[in-house]
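This chain uses plain numbering: 1 for the first residue, then up along the sequence.
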Amino acid sequence: MDWNADGRLDIIVGDRLGNISYFRRLDSGELTLIAEPMIAVAGEEIFLGNNSSPSVVDWNNDDLPDLVAGRLSGIPAGLYLYINEGVAGDPLFNETDTVFCSGEPIELYASYPDFGDLNDDGLMDLIVGSTTGRIPCYINCGTPDLPVFEEYEDLRADGEVLNIYTYIRPSICDWNEDGIPDIIAGGDSGEILLFLGQPLTGLEEVEAEYSLRLSLNSPAVDLIRASIELPSSAEVKSALYSVDGRLQCIESYGILNSGIHTLQMDIRDIPDGVYLFISSVGEETISRSVVILD
């Protein structure tokens, strides 16, 4: 998206600490970006707690980029709204609001919003990824200048509610350029899934490509025991990270043959909390969230 109205695409991105960063593309022949000051509201940098996930959208139809951002916690709200009160090329945010459905804040954990016109009525609709693995869709029943969400329905594929593990990260796009919105989504499985929109039948799943399978015990006490299936022999390592991205532990298992293997990690010295367990197999990685208890 073009954040500063200079005709070049920029990047707005969240991080594990809860900030929202702006990377401006430079005027050069190469894809070169420079880090600008973090996005601020009323002069203070945005801080959402953990795992900020911003989506840039023209919320009030004034041709200025606004922000809707998710975060790890869903209470007292999972989605925060920042209306741009500046001018083209110079965004300005003075207030923080929340996104509502039926008059109540949307309370989803690890929320990840995206916007698009899903029912071809000219209004932007909202989908939100979260820890549930489902993708609730909030159809906009307001106006171009004032979005209103009164209810939601979980997206379906082949008549069944989509349930894609957890920490789902969906995005609306037109993958096959047929004028019908499609959904591309990732989750903590490490897979990227594509669902092609159909005019009458909803969403149709396209075969997912993957080569690794990983499962583990959660909550975990004293030991993390993970089961990994390898398509061929490879060197395997695992690492444990806190939600703020700090490395807590690392284990190397050497070269393992194809098949199913058990990976263990001693966590007796790791404090209670939610962590990310990442296994690297050769040049590929696969991750799962894990809750650690004493």
What one should report as the nearest heavy-atom pair of Ser279 and Ser238 is OG-OG, 2.8 Å
Find the distance between CG (Asp272) and CG (Leu293) and round it off to the nearest 0.5 Å. 5.5 Å
Looking only at non-hydrogen atoms, find the nearest pair between Ala5 and Ala88 and report the distance. CB-C, 4.1 Å
Pair listing, side-chain hydrogen bond (donor to acceptor under 3.5 Å, both in side chains) test, anchored in residues 249-265, at least two apart: none
Looking at Asp114, is its backbone amide N or carbonyl O close enough to the side chain of Ser171 to form a donor-acceptor pair, meaning the two atoms are under 3.5 Å apart? no
Going by the rule side chain to side chain donor-acceptor pair (under 3.5 Å), which residues pair with Asp266 if we only count those two or more places apart in sequence or in a different chain? Arg268
Who are the salt bridge (Lys or Arg N to Asp or Glu O under 4.0 Å) partners of Arg24, not counting sequence neighbours? Glu36
Between Arg16 and Tyr241, is a side-chain contact (heavy atoms from CB on, under 4.5 Å) present by the stated rule, with each step listed? CA-CA 11 Å; Arg16 289 189 177 276; Tyr241 289 87; 5.6 Å; no
Show the atom names and distances, to 0.1 Å, of all donor-acceptor pairs under 3.5 Å that link a side chain in residues 98-109 to residues at least two apart or in another chain.
unit_1, atom_1, unit_2, atom_2, d
Ser102, OG, Glu150, O, 2.2

Hits for salt bridge (Lys or Arg N to Asp or Glu O under 4.0 Å) against Asp178, two or more places apart or cross-chain, chain-then-number order -> none
Output a table of donor-acceptor pairs, distance under 3.5 Å, between side-chain atoms of residues 127-146 and any protein atom two or more places apart or on a different chain; print 'none' if there are none.
unit_1, atom_1, unit_2, atom_2, d
Ser130, OG, Thr132, N, 3.2
Ser130, OG, Thr132, OG1, 3.0
Thr132, OG1, Arg134, N, 3.1
Arg134, NH1, Asp154, OD2, 3.4
Asn140, OD1, Gly142, N, 2.8
Asn140, OD1, Val148, N, 3.1
Asn140, ND2, Met124, O, 3.0
Thr143, OG1, Asp145, N, 3.4
Thr143, OG1, Leu146, N, 3.0
Asp145, OD1, Asn61, ND2, 3.2

Applying side chain to side chain donor-acceptor pair (under 3.5 Å) between Arg8 and each of Asp6, Asp10, Asn4, report the one that passes. Asp6
Report the distance from atom CD1 of Ile184 to atom CH2 of Trp175, rounding to the nearest 0.5 Å. 4.5 Å
Compare all side-chain heavy atoms of Pro113 with those of Leu126 and state whether any distance is below 4.5 angstrom. yes
Is it true that atom CD of Glu85 has more than 12 heavy atoms of other residues, nucleotides or ligands lying nearer than 6.0 Å? yes
Assigning hydrophobic clusters by single linkage (Ile, Leu, Val, Met, Phe, Trp, Tyr; side-chain heavy-atom cutoff under 4.5 Å), is Val281 placed with Ile255? no
Distance check, rounded to the nearest 0.5 Å: Asn51 atom CG versus Tyr167 atom OH? 7.5 Å
How many angstroms lie between CD1 in Ile183 and CG in Leu155, if you round to the nearest 0.5 Å? 5.5 Å
What about Leu196 and Ile192, same hydrophobic cluster or not, with Ile/Leu/Val/Met/Phe/Trp/Tyr joined at side-chain heavy-atom distances under 4.5 Å? yes
Side-chain cluster (under 4.5 Å, hydrophobic types only) that Leu9 belongs to, other residues: none
For the student: nearest non-hydrogen atoms of Ser242 and Tyr275, plus distance: CA-CD2, 3.6 Å
Please tell me if the side chains of Ser52 and Asp15 come closer than 4.5 Å, counting only heavy atoms from C-beta onward. yes
Is there side-chain contact between Ser227 and Ile260, with heavy atoms separated by less than 4.5 Å? yes
Note, Asn217 side chain near Ile224 side chain (heavy atom, < 4.5 Å): yes
Cluster overlap Leu216 with Leu230, hydrophobic side-chain contacts below 4.5 Å: yes
Should side-chain heavy atoms under 4.5 Å link Ile, Leu, Val, Met, Phe, Trp and Tyr, which residues sit in the same cluster as Leu26? Ile34
How long is the straight-line distance from CD1 of Ile172 back to CG of Leu118, given to the nearest 0.5 Å? 4.0 Å
Is it true that a side-chain atom of Asn84 and a backbone atom of Pro65 form a donor plus acceptor pair closer than 3.5 Å? yes
Student check: side-chain heavy atoms of Val274 and Val290 closer than 4.5 Å: no
Distance, nearest 0.5 Å, that separates CG of Leu81 from OG1 of Thr96: 9.0 Å
With Asp117, which residues qualify under side chain to side chain donor-acceptor pair (under 3.5 Å), at least two apart? none
At their closest point, which heavy atom of Ala185 faces which heavy atom of Ile168, and how far apart are they? CB-CD1, 3.6 Å
So which heavy atom on Leu79 is nearest to which on Gly70, and how close? CD2-CA, 3.9 Å
For a side-chain contact (heavy atoms from CB on, under 4.5 Å) check, start with the C-alpha distance between Asp58 and Asp66, then their side-chain angles and the critical distance, and finish with the verdict. CA-CA 5 Å; Asp58 184 3; Asp66 308 305; 3.7 Å; yes
State, yes or no, whether a side-chain contact exists between Asn19 and Phe47 at a heavy-atom distance under 4.5 Å. yes
Return the set of residues passing side chain to side chain donor-acceptor pair (under 3.5 Å) with Asn163 (not counting sequence neighbours), or none when no residue passes. none
Would a hydrophobic clustering, with Ile, Leu, Val, Met, Phe, Trp and Tyr connected at side-chain separations under 4.5 Å, put Ile180 with Phe115? no
Which atom pair, heavy atoms only, marks the closest approach of Pro54 to Gly14? CD-N, 3.3 Å
Could you work out, with side chain to side chain donor-acceptor pair (under 3.5 Å) as the rule, every residue matching Asp2, not counting sequence neighbours? none
Kindly work out whether a path of hydrophobic side-chain contacts (I/L/V/M/F/W/Y, heavy atoms less than 4.5 Å apart) joins Leu240 to Leu263. yes
Hey, what else clusters with Trp3 if you join Ile, Leu, Val, Met, Phe, Trp, Tyr whenever side-chain heavy atoms sit under 4.5 Å? Met1, Ile12, Ile20, Tyr22, Ile39, Val41, Ile46, Leu48, Val56, Leu67, Tyr80, Tyr82, Phe93
Go through the steps for Asp125 and Asn119 under the test side-chain contact (heavy atoms from CB on, under 4.5 Å), then give the verdict. CA-CA 8 Å; Asp125 307 306; Asn119 58 352; 3.2 Å; yes
